[in-house]
There are 2 protein chains.
Amino acid sequence: MDPDVAAIAKLFADHTRATVLATLMSGRAHTAGELANEAGVAPSTMSAHLNQLLAVGAIETVAQGRHRYVRLADPRLADVFEALALAAPAKPVRSLRTFTHGEHLRRARSCYDHLAGQVAVEMADGLFASGAFCDDGDGLNLTDSGGDRLRAVGVDVDAARARAATTRRRFATRCLDWSERTDHLAGALGAAILTAARDHGWVASGPVHRSLAVTPAGEAVFDHLSDVRAGTAAGDAARTVPQVGRPSWAAQDGQAP
Amino acid sequence: MDPDVAAIAKLFADHTRATVLATLMSGRAHTAGELANEAGVAPSTMSAHLNQLLAVGAIETVAQGRHRYVRLADPRLADVFEALALAAPAKPVRSLRTFTHGEHLRRARSCYDHLAGQVAVEMADGLFASGAFCDDGDGLNLTDSGGDRLRAVGVDVDAARARAATTRRRFATRCLDWSERTDHLAGALGAAILTAARDHGWVASGPVHRSLAVTPAGEAVFDHLSDVRAGTAAGDAARTVPQVGRPSWAAQDGQAP
DNA sequence: CGGTCCGTTCGGCGCGCAGCGAAACGTTGC
DNA sequence: GCAACGTTTCGCTGCGCGCCGAACGGACCG
């Protein structure tokens with residue numbers, strides 16, 4: 001009965017898997033090696049555990065070079081974890097040493113032709129959370145309110161859409177940020193935002209290759225775009241955040257004949 | 001780390017234990033045999049599982065005759081279960097066939113010298129939830145507001161307290177109701193309530209032995225006493241509900257030196 | 001005071017699964 | 001190119017533990 005409570009509990013019932021899930025609760029992505037090191041098991045053992053979690057749709061992986069980043073696939077697991085932790089109120093996990101990339105590169109940089117780094121993920125978080133995007137099966141699409149917000153600050157949304165159509169490039173998509181381990185925005189729209197940022201003087205070339213310096217004007221714009229409440233009437237905003245496919249352990253009630 | 005998430009998850013990770021906990025989520029108590037039957041395992045197997053749950057303080061048992069009733073010991077487990085059930089919003093479990101005791105006896109009856117049956121547990125629930133009692137280590141004690149409520153309807157609280165002192169009988173205590181499988185009120189105070197109920201005509205003798213018929217006047221009084229909001233300012237009312245000992249898996253953080 | 005019923009403890013069986021090392025594979029970088 | 005590295009797959013080992021049947025101990029009923 002139910003969406004098999006025991007099956008879900010089993011995911012957390014092993015100490016190694018529990019550590020993995022706890023580490024991923026921050027929302028950041030980690031490599032298999034990091035997780036193996038953190039949990040104190042052999043890489044092969046960790047690989048097996050990740051396969052289990054992957055099989056039931058609890059995590060998703062992003063291949064990137066010779067690394068393979070792993071992250072939570074379903075935010076509801078955070079609720080489960082918090083309930084299992086009982087008294088412990090969502091401790092801020094920071095045991096894992098995050099690489100101290102050069103500060104210049106961490107704050108803001110270009111990634112191919114779009115924006116990356118802290119400001120990029122903060123902006124993307126704010127836009128996602130405020131319902132600026134919806135998920136058509138193949139990438140992201142702007143909602144009306146999201147389009148208005150970007151146009152208002154000077155991003156040429158329509159040019160990006162036209163370019164996406166002619167070059168068959170994705171209009172907008174998530175892209176894993178290698179310093180922040182969280183998604184920023186890529187695709188034709190991401191490129192348009194970086195173009196706007198250069199044209200309007202939000203950013204200037206930084207001291208090292210590909211690094212970007214955020215100007216005071218840019219801080220204001222990025223702050224505005226990162227603000228969740230700046231979106232729609234904020235009612236069912238969170239509901240329009242892109243959804244990944246339903247995990248297999250959420251047994252669909254009312255099976256279609 | 002944590003109050004060992006994996007250890008708590010293990011409790012739910014077995015299908016048999018998950019069924020047990022799901023059955024107990026209603027708050028009612030069940031016998032080991034019932035649970036074994038419900039889960040489809042041998043009594044000996046169920047006994048082992050109950051021992052596990054007992055060892056970590058997840059459940060508590062009440063010996064009564066040759067039955068041994070089992071019930072949840074920590075309400076926080078309900079939160080865990082609900083989170084694990086994910087989408088499923090607290091289904092109203094009613095798979096287990098509750099014995100159809102004679103209706104006369106189920107509604108209201110006397111249990112030794114106090115009141116039992118549906119009206120008794122409803123009244124007790126309401127009084128507990130509205131903060132009428134607090135738990136001194138050995139039984140229950142009335143709070144000021146609780147004493148006022150009972151005196152207001154005509155229960156001789158002070159006589160009960162005097163009798164408890166002279167006879168060394170418990171003033172008030174929980175007593176497991178065998179038809180409702182939930183606590184009602186016993187002790188000197190419980191006896192005083194039954195006395196008041198007879199004296200004021202809230203109940204009359206029923207058709208079968210020990211059964212009681214609730215009069216219209218009695219319905220009004222019991223409804224009033226069952227009403228949670230009729231208690232104190234309802235602020236931290238729930239906090240004064242008697243607490244059982246902390247379960248062993250809730251590792252106390254900040255260990256004293 | 002036996003017969004019955006409920007529940008526990010004990011011994012034993014067998015599966016599930018977490019763990020490791022060795023080897024193979026693809027990627028990156030010199 | 002070749003070497004170094006991260007990751008996966010494979011084969012294997014061992015323990016944990018869920019399950020049962022049989023036997024024992026109280027509690028109720030006649």
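Lettering of chains follows the sequences in order, A, B, ..., and the numbering in each one begins at 1. Given the structure is predicted, the values throughout are model-derived calculations rather than measurements.
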First encountered from the 5' end of DNA chain C, between A:Ser44 and B:Leu50
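That would be B:Leu50.
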Walk along DNA chain D from 5' to 3' and tell me the first and last nucleotide with an atom closer than 4.0 Å to a non-hydrogen atom of chain A.
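Terminal contacting nucleotides, 5' to 3': D:dA4 to D:dT9.
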Residues that [X] engages under side-chain hydrogen bond (donor to acceptor under 3.5 Å, both in side chains), provided they are two or more places apart:
{"X": "A:Gln64", "result": "none"}
{"X": "A:His184", "result": "A:His114, A:Asp177"}
{"X": "B:Arg68", "result": "B:Thr61"}

Using a heavy-atom cut-off of under 4.0 Å over every strand shown, decide if A:Gln64 touches base, sugar-phosphate, or nothing.
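If one applies the 4.0 Å heavy-atom cut-off, A:Gln64 turns out to touch nothing in the nucleic acid.
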Please identify each residue that fulfils side-chain contact (heavy atoms from CB on, under 4.5 Å) with [X], with sequence neighbours left out.
{"X": "A:Ala29", "value": "A:Tyr69, A:Arg71, A:Leu176, A:Arg181"}
{"X": "A:Thr195", "value": "A:Asp199"}
{"X": "A:Ala32", "value": "A:Leu50"}
{"X": "B:Asp125", "value": "B:Thr182"}

Can you give me the first and the last nucleotide of DNA chain C (5' to 3') that has an atom within less than 4.0 angstrom of a non-hydrogen atom in chain A?
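Boundary nucleotides touching chain A, in 5' to 3' order, are C:dA18 to C:dT28.
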Between A:Arg17 (side chain only) and A:Lys10 (backbone N and O only), is there a donor and an acceptor less than 3.5 Å apart?
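Yes: the side chain of A:Arg17 pairs with the backbone of A:Lys10.
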